[in-house]
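Here's the structure, in structure tokens; my notes come after.
Every value quoted in this text rests on a predicted model; they were computed, and no experiment measured them.
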Amino acid sequence: MTAITDDENETGGRWDDGLIARRVGQRNEDGTRNEDGTRNEDGTGEVGAEGEGDHIGDEQLPVGGTYGGPLRDRLSALRELLGLSQTRLDGKTLAEAGRVLDEAAARQRLSSRHTVVAIAGATGSGKSTLFNALAGVRIAETGLRRPTTSAPIACTWSEGAAGLLDRLAIPGRLRRKPLAGGDGDDQLQGLVLVDLPDHDSAVVRHREQVDRILALVDAVIWVVDPEKYADAALHERYLRPLAGHAEITFVVLNQIDRLPGEAADQVLDDLRRLLDEDGMAVGEHGEPGATVLAVSALTGEGVGELREMVGAFVQERSAAARRLSADVDAAAAKLRPVYVADGRTGLDERAREDFSARLAEAIGATAAGEAAEREWRRNAGRACGTPWLRLWRWYERKRMPGAAAVEPEVPVEEEPTARQRVEQAVRTVADEAARGLPAPWGQAVREAAVRGAQGLPEALDELAAREAAESKGRPLRPAWWPAAVLAQASMTLLQIFGGLWLVGQIVGVLEPGLIPPVLVMLAGIVGGPLVEWACAAATKGPARRYGQDARRRLQEAAAGCGRAKVLDPVSAELMRYREVREQYATVSGSARPASSGPGALRGRVRSRIG
């Protein structure tokens, strides 16, 4: 057997590859076929590159198409998902999804009437023999020399596939057409069949070609033989990673003519078992999944059934969409850890209230409220106290000049302690918001909280200073305080009047009578403290409310500042995550009809054959 090479012998304006194709500038003597039995699009022996006239007769074939239904929505969601995630996830994480979008766009621009099917297999599995059997003519070289196929060869059953073959980088000299009017021409219209090099070839370049083309074709026919069907290289490197592509996969057990008796059925059952272990669904009884069947490319046994299945599969013209849908599934599965959260996400009302309470504690709202309450009571005592008590306090201030300036102040936290409390509050709410989120989004939430916390302690200090300044300008006396002052003044006048009355009796100016002046004096002396006590009791409620109002104002100011600087940025990140989560749900949640795929086609084809 002779290997296909890339060398071209150019002589006098023509070239000859020695075996596969011969290109000449004139018709063959018989005007119809090449030496290898293949034909050209014009019926001559010339085998040139396709695409110069992608038409049948005068009818231009449509190029490309649109993806419909769920697939279009999934692709749009995937595109939106990548746009929303570019600043949150690294390029390596999004690379596979980006590749899927690129391939979707590239495939959409090409012929939608063609289905590209690759024949892949190991050395000696009979790929090229099966390729020739499906084509109905010898195109690929077969033999004992390995590797037989050194470059991919394509066979097309209709015009318009040049763009698809260019995408696969298959040169024009390796593009063939089946025998004119050959068996299966009609049922295989639209098929582009590609014979790949051995996936286990010792030549690295061959394996690279296989991997490259397998990522671009619409479907794959895996050819295995009774000796290598359980090869770990096949299952671990290809079938297991491509388990999600079962609906566009055919697994063909070739060379069954070498198996005696019921051995073929036993090997076939074991092959199905291995595919099940790989996670690849096997289409049985009309269910979706991979098609598994046994053939002998040498004797032709089962080849007709395979051709019928491939023909029905091609005529549905949905393989490209199925392949792309499976690629989207695979990309979504890889992206799942960075988009799907564990359990509940976001901030509940309790977490927000706790954060506001921590900020209020850091700003000293409770202490400020208590100080405001004490100030109210102190002012009440000054206004409603007896004149003698106020005189005594004035005397104390005169006797101790420094005491006048000493007044109880609001306990103020040390700056480092307050800053640490603010930072702790921010870390706590950020951890609460990031709990359960995938790592990249949790990190984005924490970074948003840290950025917002910059300058937060200073902003809280400004709020506290502004609130204290506004509080000093507010009146600290209720409307009834003038009446209390008047009552206290009356008690003082009673004391003075009673005293003067008693002095007047002593000096003889007034008629003697001890009881009346004493009673008047006692009424003033007792009434003054009673008025002061009543005022103190009456100020407890207003003082408490005043302190609560002062504490509430600081709490609301701190909560508003914390919300603007920390909670709103965190909520924005959570909103972005919810948005990408919805897009991811669209990308990964599309369901395909259960009646599609090679498995279902297999049931329909067998019914038609029967």
Side-chain angles (χ1 to χ4, degrees), residues 1-7 17-21 36 116-135 138-155 165 168-171 173-176 192-242 245 248-258 267 271 274-275 278 280 290 292-298 303 306 310:
M1 174 181 165
T2 305
I4 299 174
T5 65
D6 295 332
D7 298 332
D17 65 2
L19 278 177
I20 302 292
D36 62 355
V116 183
V117 180
I119 297 183
T123 302
S125 61
K127 294 185 291 77
S128 298
T129 304
L130 183 61
F131 180 81
N132 293 336
L134 290 174
R138 179 179 176 182
I139 297 178
E141 290 298 317
T142 61
L144 298 177
R145 180 179 175 182
R146 303 298 178 212
T148 304
T149 306
S150 61
I153 306 174
C155 181
L165 296 177
L168 300 179
I170 297 178
R173 66 185 183 83
L174 297 179
R175 304 178 186 183
R176 302 287 185 271
V192 179
L193 195 62
V194 180
D195 183 22
L196 298 180
D198 302 332
H199 71 77
D200 59 350
S201 173
V203 182
V204 176
R205 183 171 60 88
H206 294 178
R207 299 197 301 269
E208 292 175 347
Q209 286 180 322
V210 172
D211 294 343
R212 177 181 60 82
I213 294 180
L214 285 180
L216 300 176
V217 297
D218 301 327
V220 183
I221 299 176
W222 288 100
V223 182
V224 298
D225 60 75
E227 295 179 354
K228 294 184 178 180
Y229 73 91
D231 186 16
L234 170 64
H235 290 270
E236 294 178 4
R237 187 176 179 186
Y238 294 103
L239 296 181
R240 194 167 299 166
L242 295 176
H245 295 69
I248 57 164
T249 301
F250 295 80
V251 182
V252 177
L253 175 64
N254 193 19
Q255 303 176 8
I256 59 173
D257 56 293
R258 298 169 50 192
V267 173
L271 176 59
L274 293 174
L275 294 175
D278 292 335
M280 179 171 288
V292 181
L293 71 161
V295 303
S296 173
L298 189 61
V303 174
L306 176 61
V310 172

Practice prompt. Sort and list the pairs that fulfil side chain to side chain donor-acceptor pair (under 3.5 Å) and have at least one residue in residues 212-225, not counting sequence neighbours.
Written response: Arg107-Asp218
Worksheet item: Can you name the one residue among Leu271, Leu130, Ile119 that meets side-chain contact (heavy atoms from CB on, under 4.5 Å) with Val252?
Response: Leu130
Discussion item. Does any part of the side chain of Leu214, heavy atoms only, come nearer than 4.5 Å to the side chain of Leu196, both counted from C-beta?
Written reply: yes
Worksheet, complete the sentence: Heavy atoms of Ile256 and Leu253 approach each other most closely as CG2-O, 3.6 Å
Fill in: Any Leu134 side-chain heavy atom under 4.5 Å of Leu193 side chain
yes
Discussion item. Check whether Gln255 reaches the backbone of Gly124 with its side chain - one donor and one acceptor, N or O, closer than 3.5 Å.
Written reply: yes
Item to complete: Please examine the side chains of Val116 and Leu168, heavy atoms only from C-beta on, and report whether any two atoms are closer than 4.5 Å.
Response: yes
Worksheet entry | Salt bridge present between Arg237 and Asp231 (N-O < 4.0 angstrom) | no
Worksheet entry | Close side-chain approach of Leu306 to Leu293, heavy-atom, < 4.5 Å | yes
Discussion item. What I'd like to find out is whether the side chain of Arg258 reaches to under 4.5 Å of the side chain of Glu227, using heavy atoms alone.
Written reply: yes
Worksheet item: Could you walk me through whether Asp198 and His206 pass the side chain to side chain contact (heavy atoms under 4.5 Å, CB included) check?
Response: CA-CA 7 Å; Asp198 302 332; His206 294 178; over 6 Å; no
Worksheet item: If you look at every heavy atom in Ala297 and Asn254, which pair is closest and at what distance?
Response: N-OD1, 3.0 Å
Practice prompt. Taking all heavy atoms of Met280 and all of Leu242, pick out the closest pair and write down the distance.
Written response: CE-O, 3.4 Å
Discussion item. When you compare the side chain of Val220 with that of Val217, does any pair of heavy atoms fall below 4.5 Å?
Written reply: yes
Practice prompt. Please tell me if the side chains of Ile153 and Val194 come closer than 4.5 Å, counting only heavy atoms from C-beta onward.
Written response: no
Worksheet, complete the sentence: When rounded to the nearest 0.5 Å, the distance separating CD1 of Ile221 from CD1 of Ile248 is 11.5 Å
Item to complete: Taking Ser125 for its side chain and Ala122 for its backbone only, find out whether a donor-acceptor pair lies under 3.5 Å.
Response: yes
Worksheet entry | Side-chain (Arg176) to main-chain (Arg173) donor-acceptor, under 3.5 angstrom | yes
Fill in: Side chain Arg175, main chain Cys155, donor-acceptor under 3.5 Å
no
Fill in: Minimum-distance pair of heavy atoms, taken over all atoms of Gly121 and Lys127
N-CD, 2.8 Å
Worksheet item: Within the side chain of Arg207, is there an N or O that forms a donor-acceptor pair under 3.5 Å with the backbone of Asp200?
Response: no
Item to complete: Considering non-hydrogen atoms only, spot the tightest contact between Val303 and Ala133 and give its length.
Response: CG1-CB, 4.0 Å
Fill in: The single option from Asp278, Thr249, Asp211 passing side-chain hydrogen bond (donor to acceptor under 3.5 Å, both in side chains) against Tyr238
Asp211
Practice prompt. Would you name the heavy atoms of Lys228 and Thr123 that are closest together and state the gap between them?
Written response: NZ-O, 3.2 Å
